[in-house]
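Because the structure is predicted, anything quoted here is derived from the model rather than measured. Naming: A, B, ... by sequence-line order, numbering from 1 per chain.
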2 protein chains.
Amino acid sequence: MDGGAMNIQPDSRTRLLDAALSVFRAKGYNAARVEDICAAAGLTKGGFFHHFRSKEDLALKAAEHWTSMTGRLFEAAPYHDLEDPADRVLAYIDFRKSLLRGTLAEYTCFVGTMVQEVYDSSPEIRVACEQSIAAHVATLLHDLEAAKQLHAANADWSAEGLALHMQSVIQGAFILAKARNDSAVAAESLDHLKRYVGLLLGRHL
Amino acid sequence: MDGGAMNIQPDSRTRLLDAALSVFRAKGYNAARVEDICAAAGLTKGGFFHHFRSKEDLALKAAEHWTSMTGRLFEAAPYHDLEDPADRVLAYIDFRKSLLRGTLAEYTCFVGTMVQEVYDSSPEIRVACEQSIAAHVATLLHDLEAAKQLHAANADWSAEGLALHMQSVIQGAFILAKARNDSAVAAESLDHLKRYVGLLLGRHL
DNA sequence: GACGCCATACCGACTGGTTGGTATGGTATG
DNA sequence: CATACCATACCAACCAGTCGGTATGGCGTC
């Protein structure tokens, strides 16, 4: 009977992790107070420190949480069905573009936001963010390698380098969107990215 | 006699602004303490609050300072000498790549770093960062428009959109470099950017 | 099935260090 | 002596983390 589906809410620990994702993305790591996260999760500080040793510990676990959340999201995305790996890569960009909905804190990247703030002050968080990005790059890499093999086998760029460049563009698009308070600039940047990848893979303008 | 060239150091206000640039870039806006900046400038808090009303006021002035510093840097850069505007744009990217030297805090973008942290909590700082980016984009725009006119007059992209995309890539490259603690990934991303811009402007691979 | 026992989960008051900002006074210069 | 500039000393608010205590529920035992 325990742990059944009758509970409307996820358990407290998961609520804290979800709250960490949204509060850190909205206010940044340092400006976010532990009690902000507690309030968003419907708990008090006593409960928080029952689940996590420290705020930094929360950040580390939240990065893992982010990795598995986004992992499931992209695993379930429709672009995997296409036959040509180049089409899958281009459809991945379209999918990223379709995610640019709602507020900035809702669609921007948790680890990208956090790592820029703490890359120098918390090596552990930096590594956690690096690994999260690496895990996402890895999911792209197979399609990208297959697409290169098929359409640009002898080109002088590597699939991994291009996958990283794609992440650069996406992360940078978020920064521009934040600076201009407008998601349109991010969408335009993804259009350019799609055109570039298309050119590299033999698609015309 | 005042303000003459005999002083080895710039005046205190300028030292505080310079210190703000480096300390904010290394630690982030929120984690940076006023006294950190004072120490870096060789002053105490009393002196700081003689020149700036608040930490936020400093951030606003530092963004303007950043704009004029980088404005001079790019104005003096060698890429303006090239005849073809497309070559100037490509040489701009090379120049950006040549700046990827030293520590991350030394070469990353001040306003890009700051805006990601405070875009939601301080509208004034966000606008200051937006304007700084816009000013830099404007310096690129003339060359880019001329290059488009010359080499891709009928293409279905705009010079301004491409200039913004270039900034996206650069900002994103900084994030990846921070996450991986390695500037090589940023350089590779700029290589991709150069190839893309080259393709749009009729340069081959 | 009542009881003792213990682990998990959570609350909320408290603390000790930190930090943005202030008050005040000293000194150099014109 | 007025003003600009800057140091020392200080304050009040804030906040991560602690701690004593409570509620709940599972589990073995008689």
Worksheet entry | Protein-to-nucleotide contact annotation, 5' to 3' order, nucleotides 13-24 of chain C [B base; S sugar-phosphate only; - none; under 4.0 Å, heavy atom] | ------SBBB--

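Under the side chain to side chain donor-acceptor pair (under 3.5 Å) criterion, A/E35 pairs with no residue at all, not counting sequence neighbours. Every residue two or more places apart in sequence or in another chain that forms a ring-ring contact (aromatic ring centres under 6.0 Å, His included) with B/F52 is listed here: B/F48. Every residue meeting the ring-ring contact (aromatic ring centres under 6.0 Å, His included) condition with B/H136, not counting sequence neighbours, appears here in chain and number order: B/F74, B/Y92. Evaluation of the salt bridge (charged side-chain N to carboxylate O under 4.0 Å, His left out) rule for B/K97 yields B/D191 as partners, not counting sequence neighbours. Here A/A138 pairs with nothing under the side chain to side chain contact (heavy atoms under 4.5 Å, CB included) rule; sequence neighbours left out.
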Tabulate protein N/O versus nucleotide N/O from nucleotides 5-9 of chain C, keeping only pairs under 3.5 Å, one per line.
residue : atom : partner : partner atom : Å
C/dA9   : OP2  : A/H50   : NE2          : 3.1

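Taking a pair to require two hydrogen-bonding distances under 3.5 Å in either a Watson-Crick or a G-U wobble arrangement, C/dG30 pairs with D/dC1.
For the side chain to side chain donor-acceptor pair (under 3.5 Å) condition, the pairs that include at least one residue of residues 21-32 of chain A, sequence neighbours left out, are A/K27-A/D36, A/N30-A/E117. For the side chain to side chain donor-acceptor pair (under 3.5 Å) condition, the pairs that include at least one residue of residues 175-187 of chain A, sequence neighbours left out, are A/T113-A/K178.
Between B/F110 and B/H65, the distance from one ring center to the other does not fall under 6.0 angstrom.
Atom CG in A/L58 sits about 10 Å away from atom P in D/dG17, given to the nearest Å.
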